[in-house]
Amino acid sequence: MFIGNIVTQKEFSDKRYNICKSYKEVNKILPTLIIGWKNVKDIFGEDNVSILNKKINENTFWTF
C-alpha cells in the first residue's frame, strides 16, 4: 500500500511510494510530489504554475 506518488526522472525505489516517471502514471487518489521545476512546467505549463508556490492543487505539490 502506497502513501503517495513521486514523479521524478531519477531511478530509485521505495516500497512506501508509487515512483513514476510520468504524471500519467500517478494514482489520483494519493497525494503527489513532483520533483523538478522543469517537470512541473512540462506537465502543467509554465503559465499555470508558480516557482514561489509549491502547491499546485489540493493533492499535488512540487519541489526542487
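- In the hydrophobic clustering of this structure, Phe61 does not group with Phe2; members are Ile, Leu, Val, Met, Phe, Trp, Tyr whose side-chain heavy atoms approach within less than 4.5 Å, directly or through other members.
- With sequence neighbours excluded, no residue forms a salt bridge (Lys or Arg N to Asp or Glu O under 4.0 Å) with Lys54.
- Met1 and Val26 are members of different hydrophobic clusters when ILVMFWY side chains are connected at heavy-atom separations under 4.5 Å.
- With sequence neighbours excluded, no residue satisfies side chain to side chain donor-acceptor pair (under 3.5 Å) with Asn27.
- Asn57 is linked by a side chain to side chain donor-acceptor pair (under 3.5 Å) to Thr60, counting only residues two or more places apart in sequence or in another chain.
- Between atom CD1 of residue Ile3 and atom NZ of residue Lys15 there is a gap of 11.5 Å, rounded to the nearest 0.5 Å.
- Considering only residues two or more places apart in sequence or on other chains, Asp47 meets the side chain to side chain contact (heavy atoms under 4.5 Å, CB included) condition with none of them.
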N/O donor to acceptor pairs below 3.5 angstrom from side-chain atoms of residues 28-42, sequence neighbours left out:
{"residue": "Thr32", "atom": "OG1", "partner": "Asn5", "partner atom": "ND2", "Å": "3.0"}
{"residue": "Lys38", "atom": "NZ", "partner": "Asp42", "partner atom": "OD2", "Å": "3.0"}
{"residue": "Asn39", "atom": "ND2", "partner": "Ile35", "partner atom": "O", "Å": "2.9"}

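- Applying the salt bridge (charged side-chain N to carboxylate O under 4.0 Å, His left out) definition to pairs two or more places apart or across chains, those involving residues 55-64 are Lys55-Glu58.
- Rounding to the nearest 0.5 Å gives a distance of 10.0 Å between CD of Glu11 and CD1 of Ile19.
- Every residue two or more places apart in sequence or in another chain was checked for a side chain to side chain donor-acceptor pair (under 3.5 Å) with Gln9, and none qualifies.
- For the atom pair CD1 (Ile6) and OG1 (Thr63), the distance works out to 10.5 Å, reported to the nearest 0.5 Å.
- Annotation: side chain of Asn53 is not in contact with side chain of Trp62 (no heavy-atom distance under 4.5 Å).
- Pairs passing the ring-ring contact (aromatic ring centres under 6.0 Å, His included) check and including a residue from residues 4-28, sequence neighbours excluded, read Tyr23-Phe44.
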